[in-house]
Q: 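This is the structure I have questions about; it appears just below.
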Amino acid sequence: MSVEQYSLPKLPYAYDALEPSISAQIMELHHSKHHQAYVTNLNAALQTYSTATASADVPARIALQAAIRFNGGGHINHSLFWENLTPQSSPDSKPEAAPRLVAEIAKVWGSLEAFKKEFSAALLGLQGSGWGWLVKDKLGRLAIVTTKDQDPVVGGEVPIFGVDMWEHAYYLQYLNGKAAYVENIWKVINWATSEKRFNGSREDVFQVLKAAL
């Protein structure tokens with residue numbers, strides 16, 4: 001049985017492009033090692049799952065669910081994460097690149113600064129590893145959500161942008177200074193991409209995964 005094989009997506013910028021907010025060393029390890037491992041392990045799990053399906057091995061398929069969820073989530077989350085970052089020097093890093101989204105944020109939270117404060121608090125409130133996301137629900141309403149480990153946003157919500165709070169995303173540069181990492185990552189959020197996701201659908205957002213096949 002033929003199984004789709006995923007590949008590591010190319011970054012839309014150089015490894016050092018997000019400095020000083022995120023170091024080149026972190027970006028290279030995060031992308032070429034951590035994300036690549038999720039892709040490799042996802043492909044292996046999907047291949048084994050296909051074999052188990054062909055042989056009607058239900059226990060094996062059940063046992064594989066955790067590996068598919070974890071590695072598939074890692075691939076989804078990181079593919080979206082790379083696209084929602086941009087160099088600080090880019091006009092896309094300015095909130096002015098997302099007029100409709102910022103207006104809606106101000107409507108919900110009172111101001112962009114109030115939203116950033118609440119989002120940052122949600123990130124720093126995560127216990128262990130996980131992600132923080134700004135999402136749009138089926139009715140177009142914005143919300144802040146967090147997910148554990150590599151759990152992705154897989155309900156009906158559209159992920160607008162996410163921030164990786166695993167230690168491998170910041171520790172080599174910030175050590176245990178998570179607050180400094182969170183403060184600096186706002187400087188490299190891609191507001192232009194966020195605006196596109198806010199204006200689009202889930203299918204539009206997840207096109208990046210089809211490109212990574």
Q: Looking only at atom types and distance, does a side-chain atom of Glu195 sit under 3.5 Å from a main-chain N or O of Leu101, one as donor and one as acceptor?
A: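 Present.
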
Q: For residues His30 and Asp164, determine if any side-chain heavy atom of one lies less than 4.5 Å from a side-chain heavy atom of the other.
A: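 Touching, per the 4.5 Å side-chain cut-off.
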
Q: Applying side chain to side chain contact (heavy atoms under 4.5 Å, CB included) to Tyr181 and Leu123, what does each step give before you reach the verdict?
A: CA-CA 10 Å; Tyr181 164 68; Leu123 294 176; over 6 Å; no

Q: Could you list the residues that satisfy salt bridge (charged side-chain N to carboxylate O under 4.0 Å, His left out) with Glu104, not counting sequence neighbours?
A: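 By the salt bridge (charged side-chain N to carboxylate O under 4.0 Å, His left out) rule, Glu104 matches Lys107.
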
Q: Would you mind reporting whether Thr48 and Leu64 have side-chain heavy atoms less than 4.5 Å apart?
A: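 Yes. Closest side-chain heavy atoms under 4.5 Å.
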
Q: Could you name each residue pair satisfying side chain to side chain donor-acceptor pair (under 3.5 Å) that touches residues 89-102, not counting sequence neighbours?
A: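 Applying side chain to side chain donor-acceptor pair (under 3.5 Å) to every pair that reaches into residues 89-102, excluding sequence neighbours, yields Arg100-Asn199.
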
Q: Tyr170 ring centre to Lys178 NZ or CZ under 6.0 Å, with the angle to the axis within 45°?
A: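 The answer is no, since Lys178 fails at least one limit relative to Tyr170.
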
Q: What are the two closest non-hydrogen atoms of Ser21 and Lys187, and how far apart are they?
A: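 Looking at all heavy atoms of both residues, the shortest contact is OG-CB, 3.8 Å.
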
Q: Counting distance only, does the side-chain N/O of Ser32 pair as donor-acceptor with the main-chain N or O of Glu28 below 3.5 Å?
A: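 Yes; judged by distance alone, with no hydrogens or angles, the pair exists.
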
Q: Using the test side-chain hydrogen bond (donor to acceptor under 3.5 Å, both in side chains), find all partners of Gln36 that sit at least two apart in sequence or belong to another chain.
A: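 Here the qualifying residues are Thr40.
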
Q: Ignoring hydrogens and geometry, is there a side-chain-to-backbone donor-acceptor pair from Asn43 to Tyr6 under 3.5 Å?
A: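 Looks like yes, one N/O pair under 3.5 Å.
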
Q: Mind checking whether Met27 and Tyr13 have side chains closer than 4.5 Å, heavy atoms only?
A: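 Yes; the side chains approach each other to less than 4.5 Å.
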
Q: Please confirm whether Phe119 and Trp186 have ring centers closer than 6.0 angstrom.
A: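 Between Phe119 and Trp186, the centre distance is under 6.0 Å.
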
Q: Tell me whether Trp166 contacts the main-chain N or O of Asp149 through its side chain, where contact means a donor paired with an acceptor under 3.5 Å.
A: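 Such a contact is found between Trp166 side chain and Asp149 backbone.
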
Q: Once side-chain contact (heavy atoms from CB on, under 4.5 Å) is applied, do any residues pair with Ala67, and if so which ones, sequence neighbours excluded?
A: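 By the side-chain contact (heavy atoms from CB on, under 4.5 Å) rule, Ala67 matches Ala45, Asn71.
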
Q: Who are the side-chain contact (heavy atoms from CB on, under 4.5 Å) partners of Ala63, not counting sequence neighbours?
A: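 If we apply the side-chain contact (heavy atoms from CB on, under 4.5 Å) test to Ala63, skipping adjacent residues, there are no hits.
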
Q: With sequence neighbours excluded, what pairs up with Arg69 under the salt bridge (charged side-chain N to carboxylate O under 4.0 Å, His left out) test?
A: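 If we apply the salt bridge (charged side-chain N to carboxylate O under 4.0 Å, His left out) test to Arg69, skipping adjacent residues, the hits are Asp151.
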
Q: Are Leu85 and Leu18 close enough that some pair of their side-chain heavy atoms sits under 4.5 Å apart?
A: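 Counting from C-beta outward, Leu85 and Leu18 do come under 4.5 Å.
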
Q: Just do the side chain to side chain contact (heavy atoms under 4.5 Å, CB included) check on Val208 and Leu80 with the steps written out, would you?
A: CA-CA 7 Å; Val208 62; Leu80 296 177; 3.8 Å; yes

Q: Which pairs count as ring-ring contact (aromatic ring centres under 6.0 Å, His included) when at least one residue sits in residues 38-67, sequence neighbours excluded?
A: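 Counting only pairs at least two positions apart or across chains, the ring-ring contact (aromatic ring centres under 6.0 Å, His included) contacts touching residues 38-67 are Tyr38-Phe70, Tyr38-His78.
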
Q: With sequence neighbours excluded, tell me which residues meet side-chain contact (heavy atoms from CB on, under 4.5 Å) with Asp204.
A: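 Listed in chain order: Ser201.
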
Q: The test is ring-ring contact (aromatic ring centres under 6.0 Å, His included); show your working for His75 and His35 and say whether it passes.
A: CA-CA 6 Å; His75 178 47; His35 191 173; 5.2 Å; yes

Q: Can you tell me how far NZ of Lys116 sits from OG of Ser111, rounded to the nearest 0.5 angstrom?
A: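 Between Ser111 OG and Lys116 NZ, I get 10.0 Å after rounding to 0.5 Å.
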
Q: Who are the side-chain contact (heavy atoms from CB on, under 4.5 Å) partners of Leu126, not counting sequence neighbours?
A: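 Listed in chain order: Thr146, Met165.
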
Q: Please name all residues satisfying salt bridge (charged side-chain N to carboxylate O under 4.0 Å, His left out) with Asp137, sequence neighbours left out, ordered by chain then number.
A: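 Per chain and number, Asp137 pairs via salt bridge (charged side-chain N to carboxylate O under 4.0 Å, His left out) with Arg141.
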
Q: When rounded to the nearest 0.5 angstrom, what distance separates CG in Asn77 from CH2 in Trp131?
A: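 Atom-to-atom, Asn77:CG and Trp131:CH2 are 5.0 Å apart.
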
Q: Say whether, by atom type as modelled, one donor and one acceptor occur between the side chain of Lys136 and the main chain of Val158 under 3.5 angstrom.
A: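 Between the backbone of Val158 and the side chain of Lys136 there is no qualifying donor-acceptor contact (under 3.5 Å).
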
Q: What I want to check is whether the side chains of Asn184 and Tyr174 have a donor and an acceptor closer together than 3.5 Å.
A: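 Present: a donor and an acceptor within the cut-off.
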
Q: Checking the side chain of Glu167 only, and the main-chain atoms of Leu172 only, is there a donor and an acceptor separated by less than 3.5 Å?
A: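 Such a contact is absent between Glu167 side chain and Leu172 backbone.
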
Q: Check for a donor-acceptor pair, side chain of Ser23 on one end and backbone N or O of Glu19 on the other, with a separation under 3.5 Å.
A: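 Not at all, since once roles are kept as given, no pair shorter than 3.5 Å links the two residues.
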
Q: Mind checking what makes salt bridge (charged side-chain N to carboxylate O under 4.0 Å, His left out) contact with Glu83, not counting sequence neighbours?
A: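 Listed in chain order: Arg197.
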
Q: Has the side chain of His31 got a donor or acceptor atom that lies under 3.5 Å from a matching backbone atom of Ile26?
A: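 Looks like no, no N/O pair under 3.5 Å.
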
Q: For Ile62, which fellow cluster members are found when Ile, Leu, Val, Met, Phe, Trp and Tyr are connected by side-chain heavy-atom distances below 4.5 angstrom, either directly or through intermediates?
A: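 Other cluster members: Val58.
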
Q: Once you measure the plane-to-plane angle for Phe161 and Trp191, does it fall in the parallel (<30°), tilted (30-60°) or perpendicular (>60°) bin?
A: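 Ring orientation of Phe161 relative to Trp191: perpendicular.
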
